[in-house]
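Values in this document were obtained by computation on a predicted structure and should not be read as measured data.
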Amino acid sequence: MSSEKRGTIGSFALLGMTVAAVFGIKNIINNNAAIGLAAAPSFFFATLLYFVPYTLVTAEFVGLNKDSESGVYAWVKTSMGGRWAFLTAFSYWFVNLFFFASVLPNVIIYASYVFFGANAELSQLWITIIEIVVFAIATWVSTKGAKWIGSISSFGSTAALGLTAVFILLSLAAAFGGVEFATAPTPANMAPDMSNFATAWGFFGTLAWIIQGVGGAESVGVFLNDLKGGVKAFVRTVVIAGLTIGLLYAGASLLVNLFIPEGSVAISTGIFDVFGAVFAHFGIPMEVSTRVIGLILLAATLGSLMMWTSAPIKVFFTEIPKGVFGSKIVELNEHGIPARAAWLQFAIVVPILIIPALGSGNLDDLLMIVTNMTAATALLPPLLILLAYFMLRKNFDAAPRGFRMGSRSFGLVVAAFLLVVFCFVLICGTIPLDQPLWLTLVYNVGGVVVFLGLAVMWYNRYINRLRETDPEAAENELRPSVLDMME
């Protein structure tokens, strides 16, 4: 990156970009449906203990790879070499497959509220068919390089932030105006239920949802080199952004049960019930508020669906070394999209949509299954990045870089702490106790083992072939790139 491009983003712009990239209004409802008011303190502490240090970790990797695009492949290759870098880049694409399974049911729900003012009751068969058709359309549109999707996504995310702010202000006005909480946000009600093993395990599993909700640090760390004020401004802005996100999540979570009692919030339609009740208190009819909420959420979800249908495959299939996949798969069309890879992705996602439908009785069950799996798998890429960071501070701390997260000992302690938390939460989230055993083995455990196993086999195939033709190139691919920086 040339010097002329440095310092082009102000702190306020980065703050807005960070909040917009990380904050998700639906996360408030999902976590209240799962763990009630315990979501409020969980969100805030997750922001402080995970989001801020993880963002600083990515900033340190950006400082090391300041002359590259600084994607996750380059970061992990820095200290662990190409094999682990490929596995991390693959994981980022792989977890996105489960994201589709969690977002597509919401498209149906939001569209139902926009057109009918209520959630349409559909069988699992029809839900699955509609999901496949919608995803096929999204895949086709994404291969056309639909630039207008960005404006839809921007409108949706901005409107969702505004909707959250209005919800918080109106809820506070109602509370101070004399409305009694259906479930008061007392310390006792906000404490997680640890009365038995099952509830404790369920809470720790839901922490994967919380961590996913405050995730996205890797999307803002790449702007370190473009920020006016440099490292100090970046650190200050990230901390402020983290506090803002944590307060938004925690504040809104405290007010979810103002009109709707804890335990009565449905993961599928809860956002319409909760927000609609607040608006109804101020004289806005439910049939109006639900349609407006549905339109905002539908715009944000469709924009997100289109963007994530094309962006991850473009990043993954173009960032990894040439030769790992065939030239036909990675070939870009006239719009700069690897179209064949997009349709391969579609073929892989179809069974991911079908399998959880077989184990769910209704839309709430389906969303609980796919949201849990999406959150659990979403921990894999940051876990690998944290492992790479631990190895960087342990083995290559002398490597020159413009930013360090404290001393070597401090960096190792932070990385080790987060690795332990991630591993434990990943296990709890991947093996929920209230899910059929066959579904856990096939979908949760089986999905991770099969996909990651295939990735390792495919990469080893590439390395073995490269060793036959160019042994030196193979060794350079496998060695940590930080060694070149220290020569």
Side-chain angles (χ1 to χ4, degrees), residues 24-34 96-142 146 149 152-153 155-157 159-160 163 209 212 265-276 286-310 345-375 439 443:
I25 189 172
K26 192 65 166 63
N27 294 321
I28 300 167
I29 301 300
N30 288 353
N31 288 283
N32 185 274
N96 195 58
L97 305 178
F98 291 92
F99 164 76
F100 295 131
S102 67
V103 76
L104 285 166
N106 286 317
V107 172
I108 299 174
I109 295 170
Y110 301 153
S112 295
Y113 274 94
V114 171
F115 295 110
F116 307 115
N119 184 34
E121 295 293 334
L122 298 172
S123 67
Q124 290 295 349
L125 175 62
W126 276 110
I127 290 173
T128 306
I129 291 173
I130 294 172
E131 287 177 348
I132 293 173
V133 171
V134 170
F135 190 54
I137 295 172
T139 300
W140 179 78
V141 172
S142 69
I149 293 300
I152 296 178
S153 180
F155 162 76
S157 60
L163 182 64
W209 300 17
Q212 184 195 32
V265 178
I267 192 172
S268 58
T269 61
I271 192 166
F272 297 96
D273 300 331
V274 171
F275 282 49
M286 291 282 282
E287 56 267 22
V288 174
S289 64
T290 53
R291 280 184 164 85
V292 173
I293 295 169
L295 180 62
I296 291 173
L297 296 177
L298 182 62
T301 305
L302 285 176
S304 177
L305 176 62
M306 299 297 179
M307 180 179 68
W308 289 106
T309 300
S310 60
Q345 176 179 261
F346 170 79
I348 296 172
V349 169
V350 169
I352 293 177
L353 297 176
I354 295 173
I355 292 173
L358 300 176
S360 61
N362 53 51
L363 198 54
D364 272 303
D365 291 341
L366 175 63
L367 280 171
M368 191 69 73
I369 293 169
V370 296
T371 301
N372 188 73
M373 186 55 183
T374 302
L439 186 61
Y443 194 65

I need the I25 CD1 to N30 CG distance, nearest 0.5 Å.
11.5 Å
Would you indicate whether the side-chain heavy atoms of I132 and L104 approach each other to under 4.5 Å?
no
Could you give me the CA-CA distance, side-chain angles and deciding distance for V265 and D273, then say whether side-chain contact (heavy atoms from CB on, under 4.5 Å) is met?
CA-CA 8 Å; V265 178; D273 300 331; over 6 Å; no
For I348 and I352, which heavy atoms make the closest approach, and how far apart are they?
O-CG1, 3.6 Å
Ring pair (Phe, Tyr, Trp, His ring centres under 6.0 Å) against F275, all qualifying residues, sequence neighbours excluded
F167
How many angstroms lie between OG1 in T290 and CD1 in I271, if you round to the nearest 0.5 Å?
12.0 Å
Hey, could you give me the CD1/CG distance between I109 and N106, rounded to the nearest 0.5 Å?
5.0 Å
Shortest non-hydrogen separation from G117 to R291 and the atoms involved
N-NH2, 3.6 Å
Show the nearest heavy-atom pair for residues A266 and A33, with the distance to one decimal.
C-CB, 4.4 Å
Flag, side chain of S102 to backbone of F99, donor-acceptor distance under 3.5 Å:
yes
Considering only heavy atoms from C-beta outward, does the side chain of F135 approach that of V350 to under 4.5 Å?
no
On a heavy-atom basis, which atom in F100 and which in P105 lie closest, and how many Å separate them?
O-CD, 4.4 Å
Point-to-point distance, once rounded to the nearest 0.5 Å, from CD of Q124 to CD1 of I354:
12.0 Å
Heavy-atom pair of closest approach, residues L298 and V107:
CD1-O, 3.9 Å
Measuring from atom CD1 of I129 to atom CG of L353, what distance do you get when rounded to the nearest 0.5 angstrom?
12.0 Å
Can you tell me how the ring of F272 sits relative to the ring of Y113, calling it parallel under 30°, perpendicular over 60° and tilted otherwise?
parallel
Answer whether the closest heavy-atom distance between the side chains of T301 and V103 falls below 4.5 Å.
yes
Q345 side-chain N/O to T309 backbone N/O, donor-acceptor pair under 3.5 Å:
yes
side-chain contact (heavy atoms from CB on, under 4.5 Å) filter on S112, not counting sequence neighbours, yields I108, F116, N119, A120
Would you check if T139 and V349 make a side-chain contact, meaning some heavy-atom pair closer than 4.5 Å?
no
